[in-house]
Amino acid sequence: MALNRIYLDWNATAPLSAQARAAMMDTLRLPGNPSSVHGEGRAARAAMDKARRQVAALVGGEPAHVIFTSGATEAANHVLTSDFLMGRAPLIISHLYVSAIEHPAIREGGRFEPGRLSEVPVTRDGVVDLPALEEILGRHDRSSGLPMVAVMLVNNETGIVQPVAEAATLVHAHGGLMVVDAVQAVGRISVDINALDADFLILSSHKIGGPKGAGALVSRGEALMPKPLIRGGGQEKGHRSGTENFHAIVGFGAAAEAGLDNLGQRSSAITTLREQLEQGMRQAAPDVIIHGAEVGRVCNTSFFTLPGLKSETGQIAFDLEGIALSAGSACSSGKVGESHVLTAMGHDPKLGALRISLGADTTSDDIARALAAFAKIAARRKPAGEAA
């Protein structure tokens, strides 16, 4: 890979941070299994307990309420189930309602049967339609079980911040559970599980500069918990069996701590870069459409459409210019397809869009080079209405 390439795909995965790398290197010398009671095992356990505290602090939670998983997808499949326990008593969740812009890991419904899964619409601005949610919850038949609602805090394609706390108020008024995918929010905005009134948060290590292969499900308490997805040796207090991915978890913890450091200052600097980017795009191509520009977004994300340019064509063109970006969500290996997020927002599904996502290492020079490539690509696209 050429050294002069520019990486602008932080929403897909963030480069491993120096803090995470250093923490993982330190643990490579520890031979013990965190479940072992001897000195080596206790040393490994202590390092993992530190990571648990660091991840909990990232979202204002309690360390005892952090369950480590292999990633956000596993965390989603763990919590999206009809089978819950209130202490030792079973509690039935009869239906799952997910917003139309959720990540596929949520939209698939986890362990819910397809007939017990429904979508909640969003507005044309890409924000969850709260009146529609309230109406949907009002129609829910609680005699068959409680409702569960899943709404992401920040959309992975548009970067739009969703009204999670307001949604949670509606959900709890109808006796339901609120699940929040906070994967794209942590490290970019302040996240507090209690302020959000969320029952569960889903997190991913590699989105914040930690290693791939680690994630977490964070609960607000321990009284109400889903039945385990993975059974076996009883690790993670019996919630998730299997020897923990120790080194990745330690790196996750270090990345979580780094994500809190100077959050406001870092977000402000990245916002300035995004504004520089979007201003330059509008100057080079006045017809560019920046999705979500009229509502609240996280600092680092710009999801845009160039009329007359297909997503896959644009992604390849930027790649040839030495710039890595995405055509929407990077959830499928090598796949570029229509954006379900744009469809949910009422746009033509064939419209296509590209996503630039910035990070802590992005510089003003990177933005200047990206804009030069953008201008070149915009100038040679086909007129709107013609095939690109």
Side-chain angles (χ1 to χ4, degrees), residues 59 65-86 90-122 128 133 136-137 140-142 144-156 162 164 167-168 171-172 174-185 193 196 198-207 213-222 224-232 235-242 329-332 340-341 344:
V59 295
H65 301 162
V66 175
I67 301 170
F68 286 121
T69 66
S70 65
T73 296
E74 185 195 320
N77 279 269
H78 184 144
V79 73
L80 300 181
T81 177
S82 61
D83 296 323
F84 269 73
L85 293 172
M86 177 70 79
L91 182 71
I92 302 301
I93 310 297
S94 60
H95 206 90
L96 171 64
Y97 303 95
V98 304
S99 85
I101 56 171
E102 295 299 302
H103 188 279
I106 302 292
R107 293 180 77 224
E108 288 294 320
R111 292 184 271 175
F112 280 89
E113 298 172 359
R116 299 167 71 183
L117 173 67
S118 300
E119 277 193 351
V120 179
V122 299
V128 172
L133 173 60
I136 288 168
L137 290 171
H140 177 81
D141 179 11
R142 287 185 59 180
S144 62
L146 301 179
M148 175 184 285
V149 175
V151 176
M152 62 196 342
L153 183 50
V154 170
N155 182 260
N156 53 303
Q162 301 298 317
V164 164
V171 172
H172 291 144
H174 288 84
L177 296 183
M178 185 73 188
V179 176
V180 178
D181 171 359
V183 165
Q184 297 289 351
I193 189 171
L196 292 172
D199 295 295
F200 296 94
L201 293 182
I202 294 169
L203 305 176
S204 175
S205 165
H206 75 99
K207 303 294 188 178
L217 178 68
V218 184
S219 63
R220 197 148 52 134
E222 294 184 278
L224 179 63
M225 294 298 294
K227 288 185 178 179
L229 172 66
I230 300 176
R231 295 178 172 86
Q235 289 87 349
E236 297 298 293
K237 295 184 178 180
H239 296 299
R240 198 278 188 186
S241 293
S329 172
C331 59
S332 301
H340 74 278
V341 174

key: Partner residues of Leu117 under the side-chain contact (heavy atoms from CB on, under 4.5 Å) criterion, sequence neighbours left out   = Leu96, Val98
task = Taking the side chain as every heavy atom from C-beta outward, state whether Glu74 and Phe68 have any atom pair closer than 4.5 Å.
result = no
request  = Drop me the distance from Leu80's CG to Ile106's CD1, to the nearest 0.5 angstrom.
outcome  = 5.0 Å
inquiry  = Working to the nearest 0.5 angstrom, can you tell me the gap between Asp83 CG and Ile92 CD1?
reply    = 5.5 Å
task = Calculate, to the nearest 0.5 Å, the distance between atoms CD1 and CG belonging to Ile202 and Leu217 respectively.
result = 6.5 Å
ask   = Would a 4.5 Å heavy-atom cut-off, applied to side chains only, mark Arg107 and Glu119 as touching?
value = yes
remark   = Between the NZ atom in Lys237 and the CD atom in Glu222, the distance rounded to the nearest 0.5 Å is 4.0 Å
task = Could you tell me the separation between the NZ atom of Lys207 and the CG atom of Asn156, rounded to the nearest 0.5 Å?
result = 7.0 Å
task = Could you check if a side-chain atom of Ile101 sits within less than 4.5 angstrom of a side-chain atom of Gln162, using non-hydrogen atoms only?
result = yes
key: Nearest heavy atoms of Gly110 and Asn77, plus distance in Å   = CA-OD1, 3.5 Å
message = One pair to check against side-chain contact (heavy atoms from CB on, under 4.5 Å): His103 and Asp181. What are the steps and the verdict?
response = CA-CA 9 Å; His103 188 279; Asp181 171 359; 4.0 Å; yes
message = Measuring only between side-chain heavy atoms, which start at C-beta, is His95 closer than 4.5 Å to His140?
response = yes
query = What distance separates Met148 CE from Met178 CE, expressed to the nearest 0.5 Å?
reply = 11.0 Å
query = Counting distance only, does the side-chain N/O of Gln235 pair as donor-acceptor with the main-chain N or O of Gly242 below 3.5 Å?
reply = yes
Contact summary for Pro104 and His340, nearest pair of heavy atoms = CD-CE1, 4.4 Å
query = Does some side-chain heavy atom of His239 sit less than 4.5 Å from a side-chain heavy atom of Pro228?
reply = no
request  = In sequence, state the C-alpha distance, the side-chain angles, and the governing distance for Leu224 and Met86, and then conclude on side-chain contact (heavy atoms from CB on, under 4.5 Å).
outcome  = CA-CA 5 Å; Leu224 179 63; Met86 177 70 79; 4.0 Å; yes
task = Answer with yes or no whether the side chains of His172 and Asp199 bring together a donor and an acceptor at under 3.5 Å.
result = yes
message = In the structure I gave you, are the side-chain heavy atoms of Val171 and Val151 within less than 4.5 Å of one another anywhere?
response = no
task = Applying side-chain hydrogen bond (donor to acceptor under 3.5 Å, both in side chains), name anything that partners Lys227, two or more places apart in sequence or on another chain.
result = none
query = Between Ala216 and Val66, what is the shortest heavy-atom contact and its length?
reply = CB-CG1, 4.1 Å
task = Check whether any side-chain heavy atom of Leu177 sits under 4.5 Å from a side-chain heavy atom of Phe84, and report yes or no.
result = yes
request  = Could you check if a side-chain atom of Ser70 sits within less than 4.5 angstrom of a side-chain atom of Arg240, using non-hydrogen atoms only?
outcome  = yes
message = Using only atom types and a distance under 3.5 Å, with no angle test, would you say the side chain of Arg116 pairs donor to acceptor with the backbone of Gly109?
response = no
remark   = Minimal heavy-atom distance between Ser94 and Asp141, with the atoms involved, is OG-O, 4.3 Å
request  = Identify the heavy atoms of Gly71 and Thr69 that sit nearest to each other, and give their distance.
outcome  = O-OG1, 2.8 Å
message = Checking Ile136 now: which residues fulfil side-chain contact (heavy atoms from CB on, under 4.5 Å) with it, not counting sequence neighbours?
response = Tyr97, Val120, Pro121, Arg139
ask   = What is the minimum heavy-atom distance between Val154 and Ala185, and which atoms define it?
value = CG2-CB, 3.7 Å
